[in-house]
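One structure below.
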Amino acid sequence: MTNLSRRTVMQGLGVGAMATALAGLPVFAQDRTAIRIGYAISKTGANAAGAGITTTPNYLLWVDDVNKAGGIKLSKLGVTLPLEVTEYDDRSAAEETVRAIERLATQDNVDLILPTWGTGANLAAGPTFDRFGYPQLAATAVTDMAPQLAARWKHSFWMLGGGHDYANALVELLVKQRDAGTINNKVAIASVADGFGIDLSKAATPAFTEAGFELVYDKTYPLGTSDFAPIINEVSGLGADTFVAFSYPPDTFALTQQAVVADFSPKVFYLGVGTAFPIYPGIAGPNHNGVMGVGGIDPDSEAVAAYFERHIALNGQAPDSWASAITYASLEMLQQAIERVGDIDREAISAELSSGEFDTIIGKVKLVDNQLRSLWTVGQWQDGKFVGLAHTERDGSRDPVVPKPDWVPAT
Amino acid sequence: MKLAAALIALLALAFVPSLVGPYPLGLMIGILGYGILATAWALFSGPTRYISLATVAFFGLGAYTVAVLSETLPYPLVLLAAAAIGLVVALLVGLATLRLAGIYFVIFTFGLTELVRQLVTYYEVNVTRTLGRYVFLPFGPEHIYWQLLALLAATLAIAFWVRQSKIGLALRVIGDDPVVASHLGIRITRAKLTLFSISAVIMTLAGAIQAPRWTYIEPSIVFNPTTSFLVVIMALLGGPNRLFGPLLGAIPLFLLFEWLSANFPNHYSIILGLLFIAIVFVLPNGVLAAVDSVRARLTRKEASA
Amino acid sequence: MSLLRLNNVTKRFGGLTAVNGLSFDLAEGEIVGLLGPNGSGKTTALNMISGYLPLSDGSIGLLDETISGLPPEHIAHRGVARTFQLVRALPSLSVGENVLAALAFRKAPLWGAGAKAEIDTLLADVGLGGRADQPADSLTYIDLKRMELARALASDPRLLLLDEWLAGLNPTELQAGIELISSLRQRGITILLVEHVMDAVRALCTRCIVMNTGSKIADGPTAEVLADAEVIRAYLGADHA
Amino acid sequence: MLSSAILTGLVLGGTYALVAMGLTLQYGVARIMNLAYGDIVIAASFAAFVLFSALGINPLLGMLLILPLGFALNWLIYAILLQPLARRSRDRGRLEGDSILATFGLLFVIQGVALVIFGSGFQSYNFLAVPVNILGTIVAANRLLALVLAVAFAIGLFVLLTRTRFGTVIRAVAANPASAPLVGVNVDSVARFAFALGGALAAAGGVVISMYLTFSATMGVVFTMKALIVVIMGGVGNLMGALAAGLILGLVETLVSTYIDPGLTLAATYLIFLAVLVVRPQGLFGKATS
Amino acid sequence: MLEVSAISLHYGKHLALDNVALSVADKETVVVLGANGAGKSSLLKAIAGMVRPNPGARVNLDGVNLVGRPDHSFVEQGIALVPEGRGIFGDLTVAENLELGAYPRHARPHEARQRALVLDLFPRLGERQQQIARTMSGGEQQMLAIGRALMSCPRLLMLDEPSLGLAPIVTTELFAALQRIGQTDIALLVVEQNVKASLGIADRGYLMEAGRIVGTGSAAALRSDAAVQQAFLGGAAPTAISTGVFP
């Protein structure tokens, strides 16, 4: 590792053009002792917290699971090889992400590259994955551009849907509740002024309006806001039974606390990223019960339960109940695709990912136009689990609890 | 003679993309990007000693200009528009900061960058209803590399010219004592605004040229305040009052970051931090000053030998 | 015709009136002493003439033109140069560059080879010949004063404002300093001198203006002014009369 | 509505002031432009979190442990890392440059250690999240605590600085360190004390905000920048200035959020900060230098 | 009381003090004369501990060598310096400046007594107790600087060009005050360009040139010496001193 990197630095200085030429030589099968996986992930900077919850632990878990099982079978080569990892810190900067992928692809010549965390970073990395022909399994990017992107970059796979998926599912679920008379017609929305919040609010605003809801509050707040008292104070006086926040984790936690303090307890309390995090019940205390949010899991799935157990055992923390399982599932797909191809043939692996059906912890999965369409879109904390209420392909396994229980005041 | 050497070096560097692989080229792009920013930063901040943290404001504006206009205007005009926007903002910033000095200037420029970021965000969110924008320009890394190389050459040429020129002297006088400067007949406002604007336009162009490399532009990517800090550190490390100082600060630091993040992805922060502290203690006057003093010691030894 | 004319010049800082209705004229070629106790407003007056401080009231004219309200660089371009009470060298520049800074930005700028010759001449004039390449911050106090004078002269002034330029010199140095200033008269430079060193005032000034608490209390030929009872009471004290 | 917005704003401003107060002491007296300040804040948040969640120690009691620890840690940081730099460069500009570089390094070290120990994820817990009704406005007790502490610290330090001999010594070192040895003041030890005291205040801020803000190892820089804005807006070294600036920023943020658009809160705070500096380049309570 | 010897001091490559020795007896008033750049200020700073001389230097106060101690401890031993430029705390009030003067431990018990002494010497400081020091005139600031030094109960008070930039009438007052101080138990070591006035209050004097002591003698002898007259009171070239009038 150290030697390799020293060489790399020399080349950066423009000294080692020769070495680069040599590095392009193919790796022969008989030399192969492992399948080399590379990834650059945000270990520092703004994205580190998100990556540390959803992405890194799952990469570690998958590598551990595979290697414990003896590795991945490459039938064409007649070997079963363990995974070997090269990891970099992209320092939460798009420029670093791009360069790290260039490095993994051309310098380290890894066999496969796992993507970084976040929508922006995955979009930034798209052309580079594409240029070097590596499949990109973007499991933590939410974008309505996914169909166009998948068409533009043939090796890219978009696993987490777009803003419309989540917004429409939420509206649909709420329409049922309204029509049943459980909630009134008024909805208040606060969105973080960042990629995720805007994508969702852009989809949700017209969807709510078309469904006949009255939007009594629909505003954005800047990334980094720490005090939500003004928003909660204003919203609590507007008579909305439904409060929706397309928020980021710190905001999600602060909004919950503030709503409890202000005793603003709407019948539907829906928050964005972070509700599905394992620490949410710890922060909200008994009040986590009945809170809705993005994502969800199938509480009755044994595969998911087993996955949770393995994740806790290895990482010391539970996975989140939205993108973690998807991330892990995307890795299972990758593994199965490799085994079906029987060799590290990235073109063939990509083709298999596009067309094949895979057996994962979230069930049988088949991509549609390089996109995972089988997603939990709305979840709710019920009995200590963040259970899926709405799914893009199948009916929810649980019914929503509306109205949610009243807040228990803190002591 | 020196000019000829510089041109040969430039020509040689222009062939780098055909000689090296994508990753070394990516490194070169990164080095050029930071080298340009640090040199441009030192153009104004070196002689005046006004530490500006507004670098990324201009950088980001450049990138956004490309994101907004690349579909509607031909590319050269997009760059021109970026330069014009950088110039206008630089003049506004320059006029607003005329009375500020020291730490007040530093934090003002930081606040200003954040304000620009907030306003861009607000505009995008509430007017265009999107946050991220996509830049699909048909540029490979080598195109970006060549453009950056040209911009770096131009920046160094400007820096060279400024050092020889009256305006360079004016800025040094202002940096030492603005009161004396005005009493000697120096038009302080004009001198400061001129160089601040030149420096800002270069930064804007650096952002504009690199935008296509990321495909996706959003405020948190292009207005990342860390960039401003890194540029200051690089320039200070190399020596902001020397022509090649900022560049020679950028190169080792950039490579150091790269090496650490690759070899110690989990302890990157700690090692980097310790190295920074060591640098302050070991190289108190910057890399070039250290090189000079070593060279001086060697010549003295030779002379005595 | 007068070169400089102060008409009812007033400066207030908050509630404090530092200079109060000061009026006087300087004729071309004069060396005039501006005297007064510490805090009587002399330096404030110089600062207003050079444009460093804006006036609260009144006006200042140079030849036929009103210069009050102009920024220092414009006043400098009209031929007013100064030194400062506490020497203000440009420490990161060399001695020569200190002088060049004045040459390059004066009304008829010098740059390049012509400037170099002029720098050498000016430095030689003040006794710093051959030291153009020395860093300014390595100079001693007296040499800094010399350099500052050379810098002021490099602006090619009509009017030179010297703020305690002779302070802190020992008697021998003082003698040399007096001769240097006296030689400037031959260049046709008018000099307004704020000074506490009475020997120098007596030797140099044909005329003196004395201020006390912001107002002018005496103005006339040096010998008369220094014998004035109020000047003795407020400024000189019995020992120095 | 207005009174509620004002109260909410003051409470938020209390957090800002509390976080900034130590920095104004560190920069004003010890002349250290401490870019690692926010990481000290976060470190204290982690300490409070560990005491609370692992040992069940109430953060208010935890403060009794964490404050002295913060003091000691910062005392050591100054003695080992910064004092040699301060000695090396008695002039302010040089020390500013050196301290920026050195504390930038320190920032990475502290952040790196926190990353190794706690990982990069979000941490949060609830303490004192009980509603307090003040004149009909509900505020969270933990946020109110921040305001109360900010005001108490500001007044306490103000009294210390203006009414005691030691306070006069501290102000003398702040105003003119070169002359302080002339009256027998050990500049090194006063600066060290001020830096350590500033660190203890940072730790106090960290403990309090951990009760209601979500934090992570990489978030220190957010607090550094907010604190710098407050310190500069208030006027360097001026505790009352920091208090006033913090409260003003909190008020502006809340009023803009309530009456204009929550999307413009941060833009408004930066705008007001910039406007203050354009009008008063030395900050609200700073002394003009000329 | 004060015995200084073998003081050499480098600023970079420049030798500011070259093996300087001098002494001040109890209650004595000593003046140091010399051209600008001769090293007079550096000498006072070295004696006050503000700069550290080259190894081997001795600043003996009653036989105890203070060299190497931290800068702030010199005043605690009884050596007070009024530096060039005065060094007052401009942002603090007059009263606070005086209070700080009495900061050294040995001075604290005598604060009231010393304050009375200072206010008696400089009545104007009494009128201006609450004024911010920076806003006072140059003469008043100089008085404050001296007053602050006196608050530390010094045995030796050193002044660096106290009359610099002061109006003649204030200079007269200042020297009168110094003379009164000289009559107390306090010894004075003064650097001055005002040769006439300083020799008027001094017992002894030293002549310095280019970092070295080149002569010494009683004030009366110096005053009447023709060579000193020539060198310091006009006319002669400074080289007259270096020929070694007082070997």
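Within every chain, numbering begins at 1; the chains are lettered A, B, ... in the order of the sequence lines, protein sequences first and strands thereafter.
Residue E:R69 places its CZ atom among more than 12 non-hydrogen atoms of other residues, nucleotides or ligands, all under 6.0 Å distant.
D:V183 has its side chain within reach of E:F89: a pair of non-hydrogen atoms, C-beta onward, lies under 4.5 Å apart.
Only the side chain of E:M50 comes within contact range of chain D, with heavy atoms under 4.5 Å apart. Contact of E:I79 with chain D is not made at all, since no heavy-atom distance falls under 4.5 Å.
By the salt bridge (charged side-chain N to carboxylate O under 4.0 Å, His left out) test, E:E111 pairs with D:R165, E:R115, sequence neighbours left out. The side chain to side chain contact (heavy atoms under 4.5 Å, CB included) test applied to D:F285 returns D:N238, D:A244, not counting sequence neighbours. Partners of E:R58 under the salt bridge (charged side-chain N to carboxylate O under 4.0 Å, His left out) rule, at least two apart in sequence or in another chain, do not exist in this structure.
Residues of residues 90-101 of chain E that come within less than 4.5 angstrom of chain D, heavy atom to heavy atom, are E:D91, E:L92, E:E96, E:E99, E:L100, E:G101 in numerical order.
When each of E:G49, E:A48, E:P104, E:G85 is scored by its heavy-atom pairs under 4.5 Å with chain D, the top score falls to E:P104.
Atoms CG and CZ, on D:N176 and E:R86 in that order, are 13.5 Å from each other to the nearest 0.5 Å. Distance CE/E:M158 to CG/D:L182: 9.0 Å, rounded to 0.5 Å.
E:D71 and D:P181 make their closest contact through OD2-CG, 3.5 Å (heavy atoms, listed as atom of the first residue, atom of the second, distance).
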